[in-house]
There are 2 protein chains.
Amino acid sequence: MTATLIDGKAIAARMRDETRAEAARLTALGWAPKLVSISVGDVAAAELYVRNQQKSAEAAGVGFEARNYPESISLEQLQGVLAGLNADPRVNGIIIQRPLPAHIPVKALQKAVHPMKDVEGMHPSSIGNIVYNDLTLGPCTAVAAVEILKTLPLKMEGLDVCVIGHSEIVGKPIAFLMMGLGATVTVCHHMTRQVAVHSRAADAVFVAVGKPGLVRGEMLKPGAALIDIGINRVDGKTVGDADFASCKDVAGWITPVPGGVGPVTVSILMKNAVLATAMQMDHYRSAFAAAV
Amino acid sequence: MTATLIDGKAIAARMRDETRAEAARLTALGWAPKLVSISVGDVAAAELYVRNQQKSAEAAGVGFEARNYPESISLEQLQGVLAGLNADPRVNGIIIQRPLPAHIPVKALQKAVHPMKDVEGMHPSSIGNIVYNDLTLGPCTAVAAVEILKTLPLKMEGLDVCVIGHSEIVGKPIAFLMMGLGATVTVCHHMTRQVAVHSRAADAVFVAVGKPGLVRGEMLKPGAALIDIGINRVDGKTVGDADFASCKDVAGWITPVPGGVGPVTVSILMKNAVLATAMQMDHYRSAFAAAV
């Protein structure tokens, strides 16, 4: 093994300490950050995520309320719930847990969350602000992957980066975040003729496809950084999209799965919660200060 | 010369005919499409653009009102003007002419245009919707460049594309529009180590930087499509970002400057005007139909 293993838990812990300090500052000002999690129907699939978020929120000093609505709720009723949460100054961030029942389109709910409370960074205008290099609340997984790369001793300007996977909430936002940092970015996906041609030329490879073993060592430039965002279950074990055994002998740095991008993603969610709270406080003060 | 010259004016004329038919249909339904152009202060710099847009609007059957506000107007006053236009059902699209005086930040105005009236496709949520592959109103120049490529006999899925220039309103939107079509996209810019490494591997090259002579024939793969979005004045002549003399002998297709992307961009603006009008009509009907 030549690759240095990237310790996602350590990065996440450092972020959480910063978030806790900021949460304490806001709480002292009367703006205790609070998240509301919305799940619909059978909670078993999302339960582990929600419990994990709840624990992280407690550790970061962020309030957390988990709400579960019955499977029979309509889209219009849920939009009404969100309108209420948008208007409630005691709620600073809204999380939409997936999966949702088939009659509730996830995008319709994401659009109904006020952009200032969009701690998951999923609203079209949150995504558009990344393109505009005006990052406030970014999609958590993409931001986490990029924050991990930034901990490495690599100069981002001019870095050749290959992103494998072009989903709206991971691959594309990573591409725009890296462009914003000055990297030269190529985005590959299932229609790309030869992924290896692009990945082998890259100083850093992000992979977020959901296919175990997709990236093998021979697809990497020796010494490259490999950020593995995949989460797959194989034979009862959690693995990423990289073939770890062959990649670790070629890469310069590699994230483990689990213990890489995952813990940092939850820390970014909490960081977004305090960012959102601070934005709302500033907005409230600029809108109403004159009247006080 | 081996390259086929792409006739932007002919493509623009075809689009204008489609737009005129749609404008006539909407007018017959009581929804005559109408644009309002906002310019501030000295109009000399924008005057040619505005006159050009006015002529195109007339040819497409779209109403056009050019408003000029004095240099002394404040940002807050302009935001008030936009709030009025947003609320006025007789106005279907708003164009913010640049340049603006230094005290008026262009992004603040773009954000103040209602996304349904954002015919320039500049609002963060318009940009975010492109990332989500949910294209309604896209940024005109980027959409024009991609529409031109789509007229060529090339299969977009798996096409290797190089975008040179990563501006928020041209380069980046072209990148995600092409990703949405299934292309493998690399975005290069001033921090890219060797642009030629990427451009020479590409089946199609878009260049939007604003540097005459930036792309030379030896930077292209023989037979590649070259879409030149640059507009530069050199010795009293308008030229693009490509060195036309050397590129025309290597490329398979090339857009002239002027007469390439420019005329198509104005046609896309008019197409957006009728799209916006149709969206507003549908929105109005779904919101108020029950009350009629």
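Residue numbers begin at 1 in each chain, while the letters A, B, ... track the order of the sequences. As the structure is a prediction and not an experimental result, all values here were calculated from the model.
Within 6.0 Å of NE2 on A:H103 lie more than 12 heavy atoms contributed by other residues, nucleotides or ligands. For CD of B:Q194, the number of neighbouring non-hydrogen atoms (other residues, nucleotides, ligands) closer than 6.0 Å is 12 at most. More than 12 heavy atoms of other shown residues, nucleotides or ligands fall within 6.0 angstrom of atom NZ in B:K107.
Side-chain contact annotation: A:T192 with B:T184, donor-acceptor N/O pair under 3.5 Å present.
For the atom pair NZ of A:K172 and NZ of B:K172, the computed distance is 14.5 Å after rounding to the nearest 0.5 Å. For the atom pair CG of A:L181 and CE of B:M191, the computed distance is 9.0 Å after rounding to the nearest 0.5 Å.
When A:V161, A:D203, A:V163 are compared by the number of non-hydrogen pairs under 4.5 Å with chain B, A:D203 comes out ahead. Note: B:M179 leads B:M179, B:H166, B:E157 in heavy-atom pairs under 4.5 Å with chain A. Your options are B:P124, B:P115, B:G128, and the one with the most heavy-atom pairs under 4.5 Å with chain A is B:P124. Of the listed residues (A:H123, A:K111, A:E168), the one with the most heavy-atom contacts under 4.5 Å to chain B is A:E168. Chosen from B:N129, B:V185, B:L159, B:V195, the residue pairing most often with chain A at heavy-atom distances under 4.5 Å is B:V185.
In this structure, chain A has a heavy atom under 4.5 Å from the side chain of B:Q110, while its backbone stays farther away. Neither the backbone nor the side chain of B:H190 comes within contact range of chain A; no heavy atoms are under 4.5 Å apart. Interface residue A:M122: backbone and side-chain heavy atoms are both found under 4.5 Å from chain B.
Counting only heavy atoms from C-beta outward, the side chains of B:F176 and A:V187 never approach each other to under 4.5 Å.
Within the 3.5 Å criterion, the main-chain N or O of A:A183 finds a donor-acceptor partner in the side chain of B:H189.
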